[in-house]
Protein chains: 2
Amino acid sequence: MTNLTLALDAMGGDYGPRITVPAALQALRLYSFLNFYLVGNKTDIEKYLSQVESDVLRRIEIIHTTEVVTMSDRPAHALRNRKQSSMRLAIELVRDGKAQACLSAGNTGALMAMSKVLLKTLPGIDRPALVSCLPAVNKTPVYLLDLGANVSCCSETLFQFAVMGSVLCEAVDKNRSPKVALLNVGIEEIKGNDQVQQAGQLLQQSPQINYTGFIEGNDLFSGRVDVIVCDGFVGNITLKTSEGIARLLVHQLEKGLTKGFFVRLMAKMIAPRINSVLNQMNPDHYNGASLIGLRGIVVKSHGSADESAYLQAISLAVTEAQRRLPQMIEERLESILLDINN
Amino acid sequence: MTNLTLALDAMGGDYGPRITVPAALQALRLYSFLNFYLVGNKTDIEKYLSQVESDVLRRIEIIHTTEVVTMSDRPAHALRNRKQSSMRLAIELVRDGKAQACLSAGNTGALMAMSKVLLKTLPGIDRPALVSCLPAVNKTPVYLLDLGANVSCCSETLFQFAVMGSVLCEAVDKNRSPKVALLNVGIEEIKGNDQVQQAGQLLQQSPQINYTGFIEGNDLFSGRVDVIVCDGFVGNITLKTSEGIARLLVHQLEKGLTKGFFVRLMAKMIAPRINSVLNQMNPDHYNGASLIGLRGIVVKSHGSADESAYLQAISLAVTEAQRRLPQMIEERLESILLDINN
């Protein structure tokens, strides 16, 4: 296996190095071909590196900086003023070819703005999109984009997201003709706002995209399509809502099954079966969203991710780097966009 | 109890009179003070009225019409061309004071457009909003609006929705100071699109509204606030997504608990407990959304509602008529809007 190097914004997220460093150590033990740049406060990072075996330690390089992007930094402010931040230095390592992917659990808007400026978008793409797989699908994954990188999108941007989502699904899942849908308030052609309606018309004119029309919120998890496209405002709220209701149901069920001796006993006896279903729905098992449409790999972790969820995001970055995702997207995009423009 | 009369668009919804008429009959047996206008095709409606006891039958009056609003009618088209439709005639019965509320499971856009033109909005309100309670809350209900009547909203409209939602919660739940939040992609002030940010500023300047800031999708079901406001595009997708994931989880759990003799046996023994949790999350138990901001009561049922879900929507219309909701909203609105304009 060819060696891979990831750049980690070790300071990002709600817990910083307390989560990011132990997760990186787990990944190093899991993947012998992996190396890390850990970008952030050296003292804080080193706290978690004592008593680590030398084979793992020698695959880590710390890039020291004390500056961080805060969660309340506006993207433009972060871009102008956080030039020595752990987030920016991690992205620069990708830009300079020193790392094959970078990963942050920090401010999404800042990550998006910095990535766009430092790595640039692919030809034909105006704005990168944040994409992730939906939790709890029964079959092959369903990609949802955009998840919050772009709170307002014109129809042309939604169209580009659809093309990128389709190419991503082709590239990663070897799905030759992914079904693509636009998220809307109804499936009838007359439904929705101007952006969605016009994006639908653009997609209907694209022979290389298997566009299947509009899809409603209650059909997100049915596996009827492979790629679902919406603006970042809708996507972010949709994803978080799904997570919210899944957590609530799990909580209610756990509560319902712990009252009364008999119920508790029975529930314990079939707990493995119940847990396997609940785990399948656990959003933490799906941590890691990718900023696609860039000339480099940037993965975003949930800010509240725990060690195992953060490890999931690292694994996603590893997979994308191994498959050279930006190059794959670029090649397919070129052919699709040529076809559309002719 | 004072007599109440509801006007039913008997033809609306996926199943028409097959669901609407039996549900109306159930309601008549449940509420002795209730009367119905059943608006629609007389022959179709009468099919479900044979062998009905005379005490119930005499509280029904059929208004015959063969015209219907279809699901693919654009609102403007329905308004101009469906003048004898069951939906329109039902609304006219409210306008003319013959019924205290009307109910339809038909085309939401057409229902909204016709209601607005025929019933008019309350003073200070530009557009009615579709509002419903969220499923699966542990405590007092959480109102979400708009649910799809307005796919694009300016900040002023979002602000009016917040005011109406707050007044609704005061009126129905006797909550003296309902907590109101705007649905957004983050809780930080810098987050979101222009409409949400400006609506937030308007709400901060309204002393009579207990505005608590932004709320994220994963917090929808936490009971942290009483009223959540968003545009109809986001609200519709959010509600349907919640329903989709709740149904999926229920399905997965049922599937997981029917494999293997031992698991099936144990599951059966604690089935009541599991079912009580699942029922709590069943969207059908929360059927019925109200178009508020009008000078009359209009309730919208899910198009796919079954008899018991449709009965829920009828009960909602009964409650609102008993409480004279439009009058209550109008009185409180006047005071709040006066306060803001001064």
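Protein chains get the first letters and strands the later ones, always in sequence-line order, with residue 1 at the start of each.
With chain B as partner, the option from A/L147, A/T108, A/V151 having the largest number of non-hydrogen pairs under 4.5 angstrom is A/V151. When B/D219, B/D194, B/N184 are compared by the number of non-hydrogen pairs under 4.5 Å with chain A, B/N184 comes out ahead. Top candidate by heavy-atom pairs under 4.5 Å with chain B, chosen from A/G148, A/G192, A/S152, A/G232, is A/G192. The most heavy-atom pairs under 4.5 Å with chain B, out of A/D231, A/V185, A/N236, come from A/V185.
Here the CD1-CG distance, from B/I190 to A/D73, works out to 7.5 Å after rounding to the nearest 0.5 Å. With rounding to the nearest 0.5 angstrom, the CG atom of B/L220 is 8.0 Å from the CD1 atom of A/I237. Atom CD1 of B/I215 sits about 11.5 Å away from atom NZ of A/K240, to the nearest 0.5 Å. Rounding to the nearest 0.5 angstrom, the gap separating the CZ atom in B/F233 from the CG atom in A/L183 is 6.0 Å. With values rounded to the nearest 0.5 angstrom, A/N107 atom CG is found 6.0 Å from B/K191 atom NZ. Summarising the geometry, atom SG belonging to A/C153 is positioned 10.5 Å from atom CG belonging to B/N193; distances are rounded to the nearest 0.5 Å.
Within 6.0 Å of CG in A/L202 there are more than 12 heavy atoms belonging to other residues, nucleotides or ligands. Environment of CD in B/E189: sparse, with no more than 12 heavy atoms of neighbouring residues, nucleotides or ligands closer than 6.0 Å.
For chain B, the nearby parts of A/T238 are the backbone and the side chain; heavy atoms of each come within less than 4.5 Å.
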